[in-house]
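Shown next, in structure tokens, is the structure this report addresses.
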Amino acid sequence: GDFVDVDTGEVVGRHEGAIHYTIGQGAKISGASVRYFVCGKGVSVGRRRTRSDNAVIEDDDNNTVFVCNSTHHPALYADELFVDFDSFNWIGLGGDKRSGRDYD
């Protein structure tokens, strides 16, 4: 797949699979003149849109790794979190309200 700079939309390198990268990790891109960090992955089914301050990029091949050139880049931060409560496993004190089990 491609490494794509979120600010310019340019392909800055190639990789062997988006599954090998984690958001926030340094992306080792051979020959790159700046240090890049992973800020998004196009591994969803269908078309994914990733927005940075300067560019909107569409990923059709679902194997794109989006990168930015700073650890403080806005693309590395989120204002929202979406959770599928039917498949999420909450771990904590107080028990499981659906099963009635108490873990205290």
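For clarity, every value in this text was computed on a predicted model and none was experimentally measured.
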For [X] and [Y], which heavy atoms make the closest approach, and how far apart are they?
X	Y	result
S70	L76	O-CD1, 3.3 Å
V67	A27	CG1-CB, 3.9 Å
H20	Q25	O-OE1, 4.0 Å
V6	H73	CG2-CE1, 3.9 Å
K41	F66	N-CD1, 4.1 Å
F3	R14	CE1-O, 3.3 Å

Scan D2, V38, V4 and name whichever one has a side-chain contact (heavy atoms from CB on, under 4.5 Å) with V65.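 Answer after filtering D2, V38, V4: V38.
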Cluster check V11, Y21: I/L/V/M/F/W/Y, side chain < 4.5 angstrom: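 No, V11 and Y21 fall in different hydrophobic clusters.
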Path from I23 to F82 over hydrophobic side-chain contacts below 4.5 Å: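 No, it is not one cluster - the side chains of I23 and F82 are not joined through contacts under 4.5 Å.
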Within the supplied structure, the quantity of interest is the number of heavy atoms (other residues, nucleotides, ligands) at a distance under 6.0 Å from D79 CG; does it exceed 12?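 Not more than 12 within 6.0 Å, no.
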Is the side chain of H15 donor-acceptor paired with the backbone N or O of I29 at a distance under 3.5 Å, no angle test?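 Flag not set: sc H15 to bb I29 has no pair under 3.5 Å.
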Qualifying residues under side chain to side chain donor-acceptor pair (under 3.5 Å), relative to Y36, sequence neighbours excluded: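 Side chain to side chain donor-acceptor pair (under 3.5 Å) list for Y36, sorted by chain: D5.
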